Amino acid sequence: MIQKNRLVETFLELVQIDSPSGEEKEISKLIAAKLNKLGGATEFDSYGNIIARFDGVGIPCMLNAHLDTVDPGRGIKPHVTGEKITSDGTTILGADDKAGLAIIIETLASLVEENKSHVPLEIVLTLGEEVGLLGAVNLDYSKVKAKIGVTFDMAGGVENITTAAPGYARVDVTVTGRSAHAGFEPEKGISAIKIISEIISQLEVGRIDDETTANVGLIEGGSARNAVPETAHFKAEIRSRNLKKLEGHKLHFEKVLKDVLLKHPDAKIDLNSHTEFDPYLFKESYHVIQRVVKTLKKMGLEPHLVPSGGGADVNIFHKHGIETLCIGAGFYNPHTTREYVLIHELVNGAKFCEKFVLTD
């Protein structure tokens with residue numbers, strides 16, 4: 001039986017372990033030990049992802065969550081107030097995606113202690129999801145036999161089912177101008193920061209349409225207050241649930257850069273854009289959707305099939321033939337210091353997960 005107190009204790013333990021992207025070693029070690037203790041055949045692939053197998057009967061199923069969190073995610077101090085868990089307001093809570101990890105661990109604990117019959121399970125826990133789905137991209141798929149699965153990595157309750165998610169393009173721009181003393185001879189300089197400002201001012205960013213967004217997230221440049229800046233950089237992203245729109249907005253970025261360069265022929269503008277992963281769109285007839293919906297209705301929960309504005313490991317799994325569905329893990333306001341978890345939704349997630357993998 002799913003135990004609420006044990007689930008909450010596991011979650012609180014996990015969020016207090018620092019694991020920003022690239023620093024997942026400690027959390028990986030702890031999770032692997034827990035999976036081994038529960039009887040899983042646990043290993044790390046060559047990239048460092050965790051893969052654990054639990055024997056069962058029937059068609060194998062993959063359960064997935066990711067190990068990393070975003071910043072500010074160090075020194076998290078969780079606070080439990082009634083049915084709500086928050087941080088102290090100076091950091092994220094880290095429920096994205098430690099709520100997913102806790103749900104999977106509690107599900108396995110319940111199955112093992114009651115010796116319930118379930119399908120063969122493959123637990124796939126990935127690194128670097130928050131910085132480009134790196135774990136899923138580099139996963140050793142020869143070690144994964146399941147062709148269906150569930151990813152616990154969406155905001156809201158478990159009844160939230162992601163039916164579409166955007167593709168993602170990374171855009172990096174470097175402008176090289178010419179340095180000069182800003183007080184003695186500014187005329188001899190070409191300000192990279194001024195040029196980069198012109199570029200950004202002409203880019204279409206924010207909400208482009210109902211399925212496309214773009215954002216400039218990082219800018220840096222210059223060397224001193226009194227020097228005309230020779231170099232400047234910015235990092236941007238483009239997301240769309242429509243692949244043609246994704247590629248079209250990349251062309252928009254390229255056109256803006258070319259137009260600005262024509263005004264500054266003595267400068268240099270380098271563009272590096274790359275589509276990290278493609279979008280996906282599922283119909284309600286999709287096999288895993290039907291199975292998830294059926295399980296939710298048995299629990300008396302009404303499924304909500306919604307599109308997402310963010311990518312997940314699911315984007316990559318589908319390229320490798322694994323029918324995976326991303327569903328809610330009970331967290332809200334991810335990637336902010338206002339992030340929180342509702343305990344009853346955490347419990348519902350574990351109850352769903354257990355029912356989903358039981359043999360009929």
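Because the structure is a prediction, the values reported are computed rather than measured.
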Can I get a per-line list of side-chain donor-acceptor pairs under 3.5 Å for residues 298-312, giving both atom names and the distance, sequence neighbours left out?
from : atom 1 : to   : atom 2 : distance (Å)
S308 : OG     : G310 : N      : 3.0
S308 : OG     : G310 : O      : 3.2

Can you give each donor-acceptor pair under 3.5 Å made by side-chain atoms of residues 173-180, sequence neighbours left out, with the distance rounded to 0.1 Å?
from : atom 1 : to   : atom 2 : distance (Å)
T174 : OG1    : H233 : ND1    : 3.0
R178 : NH1    : K188 : O      : 3.2
S179 : OG     : E230 : OE1    : 2.9

Show every donor-acceptor pair shorter than 3.5 Å between a side-chain atom in residues 123-139 and any protein atom, with sequence neighbours excluded, or say none if there are none.
from : atom 1 : to   : atom 2 : distance (Å)
T126 : OG1    : D313 : OD2    : 2.5
E129 : OE1    : H66  : NE2    : 3.2
E130 : OE1    : H335 : NE2    : 3.1
E130 : OE2    : H335 : NE2    : 3.2
N138 : ND2    : L134 : O      : 2.8

Output a table of donor-acceptor pairs, distance under 3.5 Å, between side-chain atoms of residues 251-260 and any protein atom two or more places apart or on a different chain; print 'none' if there are none.
from : atom 1 : to   : atom 2 : distance (Å)
H252 : NE2    : E204 : N      : 3.0
K255 : NZ     : D259 : OD2    : 2.9

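The shortest side-chain heavy-atom distance between F152 and F352 falls under the 4.5 Å cut-off. Side-chain contact check for N64 versus V150: every heavy-atom pair is 4.5 Å or farther apart. Proximity of T337 to L93: side-chain heavy atoms (C-beta onward) are nowhere separated by under 4.5 Å. Here the side chains of L203 and V216 are in contact, with some heavy-atom distance below 4.5 Å. At a threshold of 4.5 Å between non-hydrogen side-chain atoms, the residues D96 and T69 do not count as touching. No side-chain heavy atom of T275 sits under 4.5 Å from any side-chain heavy atom of I238. Taking 4.5 Å as the limit, every side-chain heavy atom of V314 sits out of range of all side-chain heavy atoms of L325. Side-chain contact between T295 and V292: absent, with no pair of heavy atoms (C-beta onward) separated by less than 4.5 Å.
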Exercise for the section: Take Y168 and E237, measure what side chain to side chain donor-acceptor pair (under 3.5 Å) needs, and give me the verdict at the end. Expected result: CA-CA 7 Å; Y168 181 91; E237 65 168 29; 3.2 Å; yes
Practice task
Verify side-chain contact (heavy atoms from CB on, under 4.5 Å) between L108 and L121, making sure each step is shown before the conclusion.
Solution key: CA-CA 9 Å; L108 295 170; L121 298 175; 3.8 Å; yes
Handout entry: Trace of the salt bridge (Lys or Arg N to Asp or Glu O under 4.0 Å) decision for R53 with E43
Key = CA-CA 9 Å; R53 299 174 185 82; E43 64 176 314; 2.9 Å; yes
Exercise for the section: Start with the C-alpha distance between R207 and T212, add both sets of side-chain angles, then the distance that settles side-chain contact (heavy atoms from CB on, under 4.5 Å), and finish with yes or no. Expected result: CA-CA 6 Å; R207 172 68 63 185; T212 309; over 6 Å; no
Practice task
Decide salt bridge (Lys or Arg N to Asp or Glu O under 4.0 Å) for K147 and E323; before the verdict, give the C-alpha distance in whole Å, the side-chain angles of both, and the deciding distance to 0.1 Å.
Solution key: CA-CA 6 Å; K147 296 302 179 184; E323 296 184 359; over 6 Å; no
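Between A214 and I208, the shortest heavy-atom contact is N-CG1, 4.2 Å. In terms of heavy atoms, A109 sits closest to L38 at CA-CD2, 3.7 Å. Between L63 and V357, the closest heavy-atom pair is CD2-CG1, 4.3 Å. Between S240 and P279 the shortest heavy-atom distance is O-CB, 3.5 Å. Of all non-hydrogen atoms in I50 and S28, the two that sit nearest each other are CD1-O, 3.5 Å. Considering every non-hydrogen atom in both D278 and N315, the closest pair reads O-ND2, 3.0 Å.
Under the salt bridge (charged side-chain N to carboxylate O under 4.0 Å, His left out) criterion, E9 pairs with no residue, sequence neighbours left out. For E114, the salt bridge (charged side-chain N to carboxylate O under 4.0 Å, His left out) test picks out K116, with sequence neighbours left out. Applying the salt bridge (charged side-chain N to carboxylate O under 4.0 Å, His left out) criterion to K250, with sequence neighbours excluded, gives E247. Among residues two or more places apart in sequence or in another chain, the side chain to side chain donor-acceptor pair (under 3.5 Å) test is passed with R74 by E23, D71. Residues meeting the side chain to side chain donor-acceptor pair (under 3.5 Å) test with T162, sequence neighbours left out: none. Residues forming a salt bridge (charged side-chain N to carboxylate O under 4.0 Å, His left out) with D209 (at least two apart in sequence, or on another chain): K245.
Taking the six-membered ring where tryptophan is involved, the planes of Y286 and H318 are tilted, since the angle between them lies from 30° to 60°.
Taken together through direct or relayed side-chain contacts under 4.5 Å among Ile, Leu, Val, Met, Phe, Trp and Tyr, L111 and L35 form part of one hydrophobic cluster. In the hydrophobic clustering of ILVMFWY residues, with side-chain heavy atoms under 4.5 Å counting as a link, V228 and I195 come out apart. A continuous path of ILVMFWY side-chain contacts below 4.5 Å connects I105 to L358, so both sit in one hydrophobic cluster.
Screening K4, R6, Q3 for a side-chain hydrogen bond (donor to acceptor under 3.5 Å, both in side chains) involving E106 leaves a single residue, R6.
Among residues at least two apart or in separate chains, salt bridge (charged side-chain N to carboxylate O under 4.0 Å, His left out) pairs with a member in residues 161-176 are R170-D172, R170-E276, D172-K235. Residue pairs meeting the salt bridge (charged side-chain N to carboxylate O under 4.0 Å, His left out) criterion with at least one member in residues 27-42, sequence neighbours excluded, are E13-K34.
The line from OH of Y141 to CG of D45 is 9.5 Å long, rounded to the nearest 0.5 Å.
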